[in-house]
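First comes the structure, then the notes that go with it.
Atoms within each ligand, like the ligands themselves, are counted from 1 in listed order.
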Amino acid sequence: MAVKDRIPPVERKPEERAKDFEEVSLGYTEELAILEAKRCLQCKVPTCVSGCPVGIDIPGFIKEISKRNFEKSYRILKSYNSLPAVCGRVCPQEVQCEGVCVLNKAGKPISIGNLERFVADWAMQNNLEDKITIERKINKKIAVIGSGPAGLTNAAEMAKRGYVVDLYEVFHTPGGVLVYGIPEFRLPKAIVNKEVAFLEKLGVNIKLDIPVGFAVHPMELLETYDAIFIGVGAGTPKFMGIDGTELNGVYSANEFLTRINLMKAYKFPEADTPVKFAKNVVVIGGGNTAMDAARSALRLGANVTVVYRRSKVEMPARKAEIEHAKEEGIKFQTLTQPVRYIGNNGRLVAIECIKMKLGEPDSSGRRRPIPIEGSNFVIKADMAIEAIGTQANKLLLSQFEGLELNKWGYIKADDYGKTSLPKVFAGGDIVTGSATVILAMGAGKKAANAMEKFLY
Ligand SMILES: Cc1cc2nc3c(=O)[nH]c(=O)nc-3n(C[C@H](O)[C@H](O)[C@H](O)COP(=O)(O)OP(=O)(O)OC[C@H]3O[C@@H](n4cnc5c(N)ncnc54)[C@H](O)[C@@H]3O)c2cc1C
Ligand code: SF4
């Protein structure tokens, strides 16, 4: 008989976790995982699978957990998803697999993300070797540009199929947003590193500190390689462009999070990179990036307010992150838009904002925010972090002669990652604009299928 209530994972208390960068959620113990797995109805037509962009056999891996066959469960999971410990932690399950689990009708869906994480962590803790069988070695060379989830997945897939794969990354650490964007308290970097190490076992040659377009010209890659996958993400920050943007204390979320996550500035002076310690921080935006920046600033000791121009209902961040942010004491000033940064001697001291109301839905389906005339007010702030979105890096793409871009500057590619250049495939945020880890991984995998067809 299925258990009714969804089993929550073990979590650290807000007052304790808000002071450090250690992981917030501790996940399931073996017993809790088995209890939760037993709630699954093992549906004959599992709707959950249709909600997973890489089509994991969800009832299959859950059934093995319920029987305590953790290794078998891991093998099933890993055959569909090369980064399960990452996806279990960061996928927006409420709009994917869990959002379409049949149990939504009668109560709470199965906690698929926490079960995925449990199995992946169990495999790591038990040093389970990945059984890698590379069927054939093919004397064809692939260049993958960018080591985010799209590039990592494409590189792993092509290596598994026997191709020689060189993976180019501009940073000194592979992982893309997983290492420079998402903080330790949500996704420990040791976990990402272990999952990346899997690629090295597959024989992928990871070439770090190489900005393609500067250190290597893309046309040179086209001459050297049989096929190229572009997975460079959409990492160029957008700014609101309001008065005072140049003031000391105004950051893009990219810069702030890169300092914190990649350069470990929260450990300064033990780490070389500093970050400004502020008293009153205002984070502008309502997505995962805004939540990550706000919760990072809180952990540096600041009072943090998230300013968002719509209401909480329209916030695109994962539900769990909004809840965690609230529990940790972050304030939310919704239906509010900054209009001007106010400085003193070149330093930010306050932000002038205007109140908003919601109008008709716009092209994103969310209700459009409209300023309320005369409602201006001032918030005290010595740091502002803009997390209002990112865009494509145009410099690199302009160097690929003949590569077609869409009107927003992203690469034009079909559902299989094919671009306007025969040898060149692309996927992830550089095609879709900012999206999710699992969609980027799905795109990397689909492109691998198309690349294989092209090369065979
Ligand atoms: C702060 C933050 C939090 C997020 N939280 C979540 C979340 O909780 N859940 C979720 O599903 N999604 C989340 N996302 C979105 C998700 O991380 C992205 O959709 C995903 O990482 C896109 O993968 P990608 O491989 O396309 O690009 P990226 O992860 O951006 O990786 C691109 C890689 O290419 C490299 N690169 C760029 N240009 C060059 C060049 N010229 N030469 C060589 N290398 C280059 C970059 O350094 C980077 O390593 C978040 C994003 C951010 C910024
Ligand atoms: S839809 Fe829900 S209950 Fe049914 S198999 Fe999937 S996870 Fe289990």
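Of all protein heavy atoms, the one lying nearest to atom 39 (C) of ligand 1 is Val232 CG1, 3.7 Å. The protein non-hydrogen atom at the shortest distance from atom 25 (O) of ligand 1 is Ala150 N, 2.9 Å. Counting protein heavy atoms only, atom 34 (O) of ligand 1 is closest to Gly146 CA, 3.2 Å.
Using a 4.0 Å cut-off to heavy atoms of Ile182, the atoms of ligand 1 that qualify are 3 (C), 4 (C), 5 (N), 6 (C). Residue Pro211 has at least one heavy-atom neighbour below 4.0 Å for each of these atoms of ligand 1: 42 (N). Residue-ligand proximity, Gly231 to ligand 1, at heavy-atom distances under 4.0 Å covers atoms 32 (C), 33 (C), 34 (O). Under a 4.0 Å criterion applied to the non-hydrogen atoms of Asp429, ligand 1 contributes the atoms 18 (C), 19 (O), 20 (C), 22 (C), 26 (O). Each of the atoms 41 (N) of ligand 1 lies under 4.0 Å from some heavy atom of Leu396. Ligand-side atoms of ligand 1 in range of Gly176: 29 (O), 31 (O), 48 (C), 49 (O), range being under 4.0 angstrom from any heavy atom. Applying the 4.0 Å criterion to heavy atoms of Arg318 picks out, from ligand 1, the atoms 8 (O). Close approach of ligand 1 to Gly428 (heavy-atom distance below 4.0 Å) involves ligand atoms 26 (O).
Under 3.5 Å, the side chains of Asn303 and Asn280 contain a donor-acceptor pair of N or O atoms. In this structure, a donor-acceptor pair under 3.5 Å is present between the side chains of Tyr225 and Asp166. Checked by atom type, the side-chain pair Glu404/Ser420 shows no donor-acceptor distance below 3.5 Å.
Taking a 6.0 Å sphere around CD of Glu401, one finds it holds 12 or fewer heavy atoms contributed by other residues, nucleotides or ligands. The 12-atom threshold is not exceeded at CG of Asp272, counting heavy atoms of other residues, nucleotides or ligands nearer than 6.0 Å.
With a 6.0 Å cutoff to the six-membered ring centre and a 45° limit on the axis angle, Lys312 counts as a cation-pi contact of Phe332.
Between Val177 and ligand 1, a contact under 3.5 Å exists for at least one N or O pair.
Of the charged side-chain nitrogens involved, at least one lies within less than 4.0 Å of a carboxylate oxygen, so that Glu452 and Arg161 count as a salt-bridged pair.
At least one heavy atom of Arg186 lies less than 4.0 angstrom from ligand 1. In this structure, Asn393 does not count as a contact residue of ligand 1, since none of its heavy atoms falls inside 4.0 Å of the ligand.
Two rings, from Tyr74 and Phe61, have their centers 6.0 Å or more apart.
Checking Cys40 against atom 4 (Fe) of ligand 2, every N/O/S atom stays at or beyond the 2.8 Å cut-off.
By heavy-atom distance, the residue among Pro149, Gly235, Pro183 lying nearest atom 23 (O) of ligand 1 is Pro149.
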